[in-house]
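Note that the coordinates shown come from a computational prediction; the quantities given were computed from them, not determined experimentally.
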Amino acid sequence: MLSVRDAEAMILNLVQPLNLQRDTETIDLSAAHSRILAGAVSSELDFPHWDNSAMDGYAVRYEDVQHSSHVQPTSLEIIAEIPAGYQPHCTVKPGQAARIFTGAVMPRGADTVVMQEKTRREEKRVLILAAPQPQEFVRHKAAFYQARQQLLPTGVKLNPPEIAVLAAAQCTKLNVYRRPRVAIFSSGDELVTPDQLLQPGQIVDSNQYALAALVREAGAEPLLLGIVKDHPDALREVMAYALANADIVLSSGGVSVGDYDYIEQILGSPWEIHIRSVAISPGKPLTVATFPSPQSPMYFGLPGNPVSAMVTFWRFVQPAIRKLSGLAGGWQPVFLKARSRDELKSNGNRETYFWGNLHLIDGGYEFDKARGSHSSGNLINLAQTNALGMVPVGTTRIFPQAEVQVLSVSFT
């Protein structure tokens, strides 16, 4: 049984990112949210595009106003008014100033802006009541970015700030990685779909719906293959289809040691099984396998218990999808330090997770364990939670108010 850390390292080592030449597509900027850049982006524009004012005030020559004060203000002639979006044609000469607004182009001759709060206007003249710093409140051309330099590197996820940058740079067509395709099926004769009449002994297949939602949140495209009966031929058929159509295959159920758990039996040669179980609770029975041919998918056999399936997805599958997607880095789960409001107990043999809520209180995080049973089959108290508190191997108890490592799984 592998440790969680060793299993994570093995999985990420097995994942091969999408191919930069083969697995890309061109999209409009309007469809770019959460996509991954498949090539560095540059712009023909400087940022700022021109010298401009960072403040409402007066564009002046520093040498004219460097000794200004309330006691001895400098009086300047106002020769123009320059709003944003206007190209000034004037030249500020000694003893002159131009009224200017935030974002407006600096006129020739002026090198400094005096904010209006430090001035007093008297008809066609302005009194400068305080000496500014040289070039104060002037944003110089190309100070933020120089044209034709790299603006964004490949492998960047396009969140709202990056999209704003691309829009400002007039990059309306983008080369991005395609979304990874993740085939999902559930295994078990006892499973029925949510719209079927439930008979004694049957269980509604919630895993397929949960995993599809998690796959979408990870930036991938789910390929739903339904419920597969506990029969080797049925499992081989669906695995063959997934092998030909997906980058990752996810199944839930059928990977334990029951008499009808056939998944490992059908993963014979040429499949190579790398992981059979991990020292994690919930989620111990986890199968990870690869097929030794180019462009073949990676297989994850997740536990059938609903909470176990979701915990193993968050801990192992989500990082794999992130790396596969072409993201340049930051694949691993991020743990935060928090203060536990509750006692967390385990037997110390496996890395143990408790679901609950992470709160930011007075600048520090607090973890509040969900009330009720923390059984791997209990979906009910998993609802409306956003984090997993972790008790490491070798620790049997984390006391209230003690520090705990927390994995945020909030849906962002």
Side-chain angles (χ1 to χ4, degrees), residues 1-12 206-207 210-211 214 218 250 252-258 261 274-288 300-320 331-359 364-411:
M1 186 163 56
L2 285 176
S3 70
V4 170
R5 186 177 296 275
D6 287 344
E8 177 190 74
M10 180 178 290
I11 289 167
L12 289 176
S206 62
N207 284 351
L211 292 173
L214 289 168
L250 293 183
S252 65
V255 294
S256 189
V257 293
D261 291 340
H274 303 275
I275 298 174
R276 288 179 170 84
S277 64
V278 181
I280 186 172
S281 177
K284 175 186 172 183
L286 172 69
T287 299
V288 178
F300 290 87
L302 308 183
N305 281 325
V307 178
S308 298
M310 296 183 74
V311 169
T312 49
F313 182 96
W314 281 316
R315 194 63 186 84
F316 302 113
V317 183
Q318 184 172 271
W331 314 307
Q332 296 89 343
V334 176
F335 286 84
L336 304 172
K337 292 180 180 180
R339 189 160 48 90
S340 180
R341 293 180 179 177
D342 307 284
E343 183 178 59
L344 307 178
K345 297 171 66 176
S346 84
N347 61 18
N349 295 329
R350 289 186 277 166
E351 190 167 292
T352 302
Y353 288 84
F354 295 89
W355 43 103
N357 284 286
L358 193 64
H359 305 277
Y365 287 108
E366 294 185 7
F367 177 70
D368 183 18
K369 185 180 74 170
R371 302 297 166 244
S373 167
H374 277 247
S375 162
S376 61
N378 181 18
L379 267 178
I380 304 304
N381 67 342
L382 186 65
Q384 301 183 73
T385 59
N386 65 11
L388 299 172
M390 187 267 286
V391 180
V393 173
T395 299
T396 59
R397 181 176 297 179
I398 293 178
F399 291 97
Q401 306 306 313
E403 184 180 278
V404 61
Q405 295 287 324
V406 179
L407 173 62
S408 173
V409 296
S410 57
F411 304 138

Review point. Asn381 side chain to Arg371 main-chain N or O, any donor-acceptor pair under 3.5 Å?
Key: yes
Point to revise | Rounded distance (nearest 0.5 Å) linking atom CD1 of Ile275 with atom OG1 of Thr287 | key: 9.0 Å
Review point. How many angstroms lie between atom CG of Leu211 and atom OG1 of Thr312, to the nearest 0.5 angstrom?
Key: 8.0 Å
Point to revise | Partners meeting ring-ring contact (aromatic ring centres under 6.0 Å, His included) with His374 (sequence neighbours left out) | key: Phe354, Trp355
Check your understanding: Should Leu379 and Ser206 be marked as a side-chain contact (heavy atoms from CB on, under 4.5 Å) after you check the CA-CA gap, both sets of side-chain angles, and the distance that decides it?
Key -> CA-CA 9 Å; Leu379 267 178; Ser206 62; 3.4 Å; yes
Check your understanding: Would you say Met1 and Arg276 make side-chain contact, with heavy atoms under 4.5 Å?
Key -> no
Practice item. To the nearest 0.5 angstrom, please state how far the CE atom of Met10 sits from the CZ atom of Arg5. Key: 14.5 Å
Check your understanding: Would Val404 and Arg339 satisfy side-chain contact (heavy atoms from CB on, under 4.5 Å), going step by step from the backbone distance to the final call?
Key -> CA-CA 6 Å; Val404 61; Arg339 189 160 48 90; over 6 Å; no
Review point. Mind checking whether Val311 and Leu388 have side chains closer than 4.5 Å, heavy atoms only?
Key: yes
Revision key, fill the gap. Nearest heavy-atom approach of Ser346 to Thr352 is CB-OG1, 3.4 Å
Check your understanding: Is any NZ, NE, NH1 or NH2 atom of the basic residue among Glu343 and Arg397 found under 4.0 Å from an Asp or Glu carboxylate oxygen of the other?
Key -> yes
**Study point:** Gap between atom OH of Tyr353 and atom CH2 of Trp314 - 0.5 Å precision
**Key:** 12.0 Å
**Study point:** Heavy atoms of other groups near Ile380 CD1, more than 12 under 6.0 Å
**Key:** no
Practice item. State, to 0.1 Å, how close Ala387 and Leu358 come at their nearest heavy-atom pair, and which atoms those are. Key: CB-CB, 3.9 Å
Check your understanding: So, are Asp342 and Lys345 salt-bridged, with charged N and O less than 4.0 Å apart?
Key -> no
Check your understanding: Which pair of non-hydrogen atoms, one from Ile398 and one from Glu403, has the smallest distance, and what is that distance?
Key -> CG2-O, 3.9 Å
